[in-house]
2 protein chains.
Amino acid sequence: MTTRTSRGRRPGAPDTRAEVLAAARASFAEKGFRGTTIRAVAASAGVDPALVHHYFGSKDDLFVAALEIPVDPREVLAPVVAAGPDGAGERLLSAFLGVWDDPAIQPGLLAMVRSLIADDSGGLVRDAFIPVVVGPVLAGLVADRPDVRIPLVASQVVGLIVARYLLALPPMAQMPAEDVVARMGPVLQHYLTGDLP
Amino acid sequence: MTTRTSRGRRPGAPDTRAEVLAAARASFAEKGFRGTTIRAVAASAGVDPALVHHYFGSKDDLFVAALEIPVDPREVLAPVVAAGPDGAGERLLSAFLGVWDDPAIQPGLLAMVRSLIADDSGGLVRDAFIPVVVGPVLAGLVADRPDVRIPLVASQVVGLIVARYLLALPPMAQMPAEDVVARMGPVLQHYLTGDLP
DNA sequence: AGCACAATTCAACACATGGTGAAAAACGTC
DNA sequence: GACGTTTTTCACCATGTGTTGAATTGTGCT
């Protein structure tokens with residue numbers, strides 16, 4: 001039911017709709033859902049606020065449009081799992097950083113996580129994302145007691161994301177991905193397969 | 001320059017000011033700064049919105065009042081550091097959980113961290129809190145290369161806080177403090193004193 | 001040129017929010 | 001009871017927000 005049904009623009013012409021979406025994504029990523037205003041998005045795209053509504057409907061609709069991420073976590077994690085538990089910590093981190101450091105993907109993820117933590121909407125991660133999406137995948141990687149190991153892995157990964165991307169703590173934010181993998185990989189490996197009290 | 005200068009209320013009487021502050025603290029902790037409205041705080045305390053202003057001034061003032069935490073991080077960490085690096089990982093975690101699991105302290109900390117992550121105000125943590133407050137303290141605990149080790153410790157601790165308190169992921173949120181200490185302590189110890197690539 | 005349709009802007013509404021100043025109510029003291 | 005003080009409410013204001021519908025401009029087609 002979108003407006004854009006017919007043939008595309010002529011090549012070279014600016015795609016205003018895409019620019020608005022990019023501006024929205026950036027604002028959601030930086031300021032979260034509540035901190036983002038339609039007017040600010042419109043201004044940042046050099047456009048009238050009404051146009052934003054014309055293209056995307058309500059602010060909620062704009063948000064879910066900005067959340068659209070060109071990556072399926074299951075596809076990213078599949079090869080990590082397929083290679084078995086040896087060195088899985090490093091591979092897991094590598095895959096993660098590969099996605100998060102991709103400038104085409106990062107703003108959408110950032111918007112999602114920032115808004116998730118900002119409001120109380122953690123219920124979504126708690127009830128859907130972790131148990132349904134990431135839980136089953138990681139289950140193939142842990143040695144045993146997934147109910148204990150998965151939250152440990154999750155807590156370390158969440159900490160990395162918050163420190164490196166949301167808070168941009170130096171030097172964590174500037175550290176090359178390989179260094180992060182080398183230093184945190186063994187810890188993840190320990191959480192996945194090491195001895196647990 | 002507050003209004004409350006003269007002698008206190010008679011014992012047993014309800015302290016409206018304190019109730020308003022508690023309501024504000026709870027709302028800031030749950031919904032963050034932007035998600036909190038003066039009207040909602042007033043309603044939750046069963047009071048007129050103007051009274052909130054009368055007691056606390058602006059919304060910013062109310063926020064800093066809600067942030068007041070009866071704990072100095074330096075005092076909490078001092079004994080951890082004094083005992084030296086052996087088992088520092090466990091002691092660090094223990095001290096941390098002791099503070100965060102204290103229901104008298106938690107809402108204030110939650111409000112602080114939630115709002116810090118929600119907006120872009122991470123600059124405060126980045127530029128003041130970590131380097132000025134926690135950095136020097138932890139510097140006495142790390143074996144060497146504090147610029148690398150401290151962010152690693154920080155990322156794991158941040159992950160714990162976000163997973164356990166902000167997102168309340170099960171079973172991390174329900175795990176007894178001792179279990180957390182037993183399972184994450186060795187990792188922190190490794191970040192503090194272990195071999196690093 | 002004229003037409004159909006998409007892209008874009010304009011002007012405005014309804015509402016929620018932070019904030020203010022004066023009035024009223026409650027309370028202790030003499 | 002009359003007073004000063006504190007506590008609490010009332011009635012507004014200015015502003016920013018999401019949203020809407022009509023109007024305007026632009027573009028391609030015949």
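The sequence lines fix the lettering, A, B, ..., with proteins before strands; numbering per chain opens at 1.
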Subject >> Base-contact (B) and sugar-phosphate-only (S) positions in nucleotides 8-16 of chain D, heavy-atom cut-off under 4.0 Å, - elsewhere >> reply: BBB------
Original post:
What residues form a side-chain hydrogen bond (donor to acceptor under 3.5 Å, both in side chains) with B:D86, not counting sequence neighbours?
Top reply: none
**OP:** Search all heavy atoms of A:G194 against all heavy atoms of A:R149 and return the closest pair with its distance.
**Re:** O-NH2, 2.9 Å
Atom [atom1] of [X] to atom [atom2] of [N]: distance rounded to whole Å?
X	N	atom1	atom2	value
B:I38	C:dG18	CD1	P	5 Å
A:K31	D:dT17	NZ	P	11 Å
B:F56	C:dT20	CZ	C1'	18 Å
B:F63	C:dG18	CZ	C1'	16 Å
B:D60	C:dG18	CG	C1'	10 Å

Original post:
Does the pair B:R39/B:D48 count as a salt bridge with the N-to-O cut at 4.0 Å?
Top reply: no
Original post:
Thinking salt bridges, do B:D15 and B:R17 make one under a 4.0 Å N-O criterion?
Top reply: no
Subject >> B:T193 versus B:Q189, side-chain donor and acceptor atoms under 3.5 Å >> reply: yes
Subject >> Parallel, tilted or perpendicular, as decided by the 30° and 60° cut-offs, for the rings of B:F28 and B:F63 >> reply: perpendicular
